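Inspection log for the structure reproduced underneath, given as structure tokens.
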Amino acid sequence: MSDGEGDWNFYLQTVSNSARDSNVANDPASDPSLLHALKKLCDFCRQEQKSSEDLVARVYPHVNKLFQRSVASLPQSSTSNGLLLLVILQFFLDFGEMVLHDADPSLHIFIRSCLSREYADPVVAAATLDFLYVNKKKLLISFPNLLPQFFPLLLKLIAWNGEKLEKPFLKVFPGLVSPGSFLPLFSSLVDLPIMVVALEKVERSSGSLIGNSVASTQKSKAPEMLLALMDEAYTGTNIGDGGGDSSEGSSTIDVSDPLFHELLKDENDGLAERHWASPGMAAVLQAVKNSTQSDRLKQILNIAPRLLDAYFTIALRDANNSLICALIPILMTRNSMVFPDKNYMYETRRRLLEFMLAAFQHSPGFIALLKKPIMDRLGEVYDSTEKTELALQLCWAVGEHGGGGGAHKDVARELFESLELLLYENLSSSRLGPRQESAANSNNRNLRNYRKDATHHRELLPRARVALVKVARSRISDSRVKRRAQDYLGLMDEPGICLSVLGPSRPPHGLVHHPGTVNWIEGGTKMVAHIPFYILGEQEGPPFHDFVFSDVLPGRR
């Protein structure tokens, strides 16, 4: 310490003078030497292990006063305080136990007072993510609710600063996921492009976002202008430039409209009802369709699906069954409510469906628990192409997992009836012009899923046979659908083959089974008729094989 004692005293004097300065106009961050002095003092405290407690005790009062003064100067400050406050917070986290300082209130003050104003500053945003990553373990252990509480504000860091912060943000992202943030975080991730659109509109109407805490300025020009722009797009009402000639009635949307506050809030307040049905949202989406995408929006359209990948990976690994089961109906709803960009819609919906099917594979009982939303989605099969795809995926899941398994016979019967009704409705539309091709494909998939469900619940076999006979004999059915129904009726005469082709991927009692394959070793006792091999390969037309069983069955020894 003796070699650097002069430097130590100089740095301590610099911090002490800034902490005592009563001139409010000169905020601490305006002194460029202060940040350097503070970093040097922290380094001295870390390096001098023998006398570290004494050094920390000497530095702490000045650092604590400096923190309070910096926070108090934020509303009038014209310079960024973020880097200075982050260094102080690091001091609190490193040496708080020595001086009995609880860092939790300081962290909350920094996020609410400083980060909410400076998240748009790329330097502060990058430094904040680095701070969170370096202290990730300590924050998760000592302050586990901090990041989940403020995840909406942290999402603004990546939404506004884009791809250059994607890698550091992904390192911090797991800390945002907790039981309290799990469900609302999903909705916010899907709506990241909408957040970018809202932030850009605020910037265009009110100037730079740096220094402007948008989420807490209900009476500022920012929300009024944002909602006025939405009103113009929705109603065609002209708005002024904000001058004295504009009338009070130029904006018909109140500034308390929940759309604005939901999109740009800073804290997690639980799973709120989303705003997709509001006139303001309709106006925003319409305006987006009619305008050129900004570079920032293009970046977030690429980033958001990758964040969803991280979210779903964490969900399957860490989330409990109750949370995942509660998430699935939200996935079903949001499947048709995605930002209107072609590639983004495809990438997002693909991930939603893949996770939903993975969740059913992991816990087939979810199908029984979610009987009502599944049946509701099956009833929307004709509303749009995305709802049709969702319904078909649900049909597959119901058939693959037997409506939740053998323990849920009553639920399976109700779902079976829904599939049956869907099949008959599809038959009636199978010759309706342009829809013929999609209806035929849909019927083929429905037939397979319908028959798969019956392999789980043998009591449904007679009903399945009756339905297949109706399809096979129908005069209005597409010829391909009729052939497929006849094929499945033939399979039902061979239980062993039927189970192999249409059975579940994970049969009960731990038996090893792979769908679409035949256990040839048992073929001598289970196969008594011809085998429709073209079904196994999903081929159309008559069989192209010419052989007898003795050609493929193992010889007896």
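These numbers come from a predicted model, not from an experiment. Residues: numbered from 1 along the sequence shown.
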Whether the E389 and N335 side chains hold a donor-acceptor pair (N or O, under 3.5 Å, no angle test) is what I'd like checked.
no
Under 6.0 Å between ring centres, would you say that holds for Y11 and H36?
yes
Would the number of heavy atoms belonging to other residues, nucleotides or ligands and lying under 6.0 Å from CD of E354 be above 12?
yes
Centroid separation under 6.0 Å, is that true for the rings of F67 and F91?
no
Taking only Lys NZ, Arg NE, NH1 and NH2, and the carboxylate oxygens of Asp or Glu, determine whether R117 and D266 approach each other closer than 4.0 Å.
no
Would you indicate whether the side-chain heavy atoms of L153 and E267 approach each other to under 4.5 Å?
no
What I want to find out is whether D376 reaches K372 closely enough, with some N-O distance under 4.0 Å, to be called a salt bridge.
yes
Indicate yes or no: does D7 engage K40 in a salt bridge with an N to O separation below 4.0 Å.
no
Evaluate salt bridge (charged side-chain N to carboxylate O under 4.0 Å, His left out) for E347 paired with R350, printing each intermediate quantity in order.
CA-CA 5 Å; E347 294 293 339; R350 178 173 65 82; 2.9 Å; yes
Keeping the roles fixed (side chain from S181, backbone from S178), state whether a donor-acceptor pair exists under 3.5 Å.
yes
Please work out whether the ring planes of F182 and Y311 are parallel, tilted or perpendicular, with thresholds of 30° and 60°.
parallel
Please examine the side chains of L12 and R58, heavy atoms only from C-beta on, and report whether any two atoms are closer than 4.5 Å.
yes
Given S384, which of E386, E380, K387 fulfils the side chain to side chain donor-acceptor pair (under 3.5 Å) condition?
E386
